[in-house]
Amino acid sequence: MMDDLRARCAVPGAVDFAAGINGMSKVSLTHASGSSAEVHLHGAHVTAWRNAAGEDLFFVSRQSWFEADRPIRGGIPVIFPQFGAGPLPQHGFARIREWELAGTERRDTGVVAVRFQLAEDQATLAIWPQRFRLALDVALDRASLALTYRVANTDPQPFDFQAMLHTYFAVGDIRRTALYGLEGVTYIDSLRERAREVEPRAVIRFDQETDRVYAQAPDALRIEDEDRGRTLRIEKRNMPDVTVWNPWIAKAQRMPDFGDDEWEGMLCVETGIARPPHALAPGEEWVGETTFTIQRG
Ligand code: TA6
């Protein structure tokens, strides 16, 4: 399979293929500047984004599973058609399906891009009787990683869906990390019986388990990693909701695929469409975009 992928889609010096943990197929993207990224076909899951110095910008748990039918813990889980708990597996099935590689390219600008796609099959139809087509474009530039997430309704019936890019950022110390951009935004607090509150803080800091879904959030957010002297910008389009999550101590200890101490070095800031779910008529397509940029450090 690897040889076939390489023959069809490798781009010398930019796109290559390898067998990762447990032999799971992954695509590596390398930009001329030295920045790089890695995406597993399992879940079209971005499992690494590194700057030219080779520093990890995303968190991946040292205890993550790399197995069929299980989600990878870290990077960017692709959430569809359900966010959170519900009639489907937690966070839906897209993150535990094997996606197809639909294309690779190095653009004239130097951007290195790869496209993955997923459509219904007997297994998904058995639990979610809708025909659909997902596409995820991952585009690596010198100091940015841009994701374009498409959901098309190829079914004769309308359907509702939730979609989220469940991004895990690596931080030096969550207690010295600040999130900007959510002041005045209404959020649902998953830790307080889904109470609805308005965020009063211009600067959000973390000193406890945090699990909130902010509705209609501004399209520009910023993470200040004070421990590492790094500023990461998040810009989004047509992805109104933002989830902010850190499991903190007790939940970290309850998660088998997450180290007890790993809560200190990560922060999830997720972009997507959750509440209300998005309705798609037959033949319609939703497109959401999120771009991460290293602004400093
Ligand atoms: O996005 C936040 C959240 O919904 C949390 O409630 C927590 O469950 C997290 O996702 C991780 O979910 P997972 O199913 O990947 O363990």
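Indexing begins at 1, ligand by ligand and atom by atom, following the structure's order. What you see is a predicted model; the values in this text were computed from it and never measured.
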K.L.:
Got a salt bridge between Asp257 and Arg70, using NZ or NE/NH1/NH2 to carboxylate O under 4.0 Å?
P.N.:
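Salt bridge absent between Asp257 and Arg70.
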K.L.:
For Tyr214, give me all partners under ring-ring contact (aromatic ring centres under 6.0 Å, His included), at least two apart in sequence or on another chain.
P.N.:
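Expected list: Tyr187.
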K.L.:
Do Leu147 and Val46 have side chains that approach each other closer than 4.5 Å (heavy atoms only, starting at C-beta)?
P.N.:
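The answer is yes, as the side chains (C-beta and beyond) meet within the 4.5 Å cut-off.
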K.L.:
Out of Arg230, Arg228, Arg50, which one pairs with Asp56 under the salt bridge (charged side-chain N to carboxylate O under 4.0 Å, His left out) rule?
P.N.:
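That would be Arg50; it is the only one of Arg230, Arg228, Arg50 passing the salt bridge (charged side-chain N to carboxylate O under 4.0 Å, His left out) with Asp56.
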K.L.:
For ligand 1, give me the residues whose heavy-atom distance to it is below 4.0 Å, by chain and number please.
P.N.:
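Near ligand 1, by chain and number: Arg73, Phe83, Gln90, His91, Arg95, His166, Asp211, Thr243, Trp245, Lys251, Glu270.
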K.L.:
Go through the structure and list residues passing side chain to side chain contact (heavy atoms under 4.5 Å, CB included) with Pro282, not counting sequence neighbours.
P.N.:
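Applying side chain to side chain contact (heavy atoms under 4.5 Å, CB included) to Pro282 gives Asn153, Pro158.
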K.L.:
So which pairs with a foot in residues 23-46 pass ring-ring contact (aromatic ring centres under 6.0 Å, His included), sequence neighbours left out?
P.N.:
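Found His40-Phe66.
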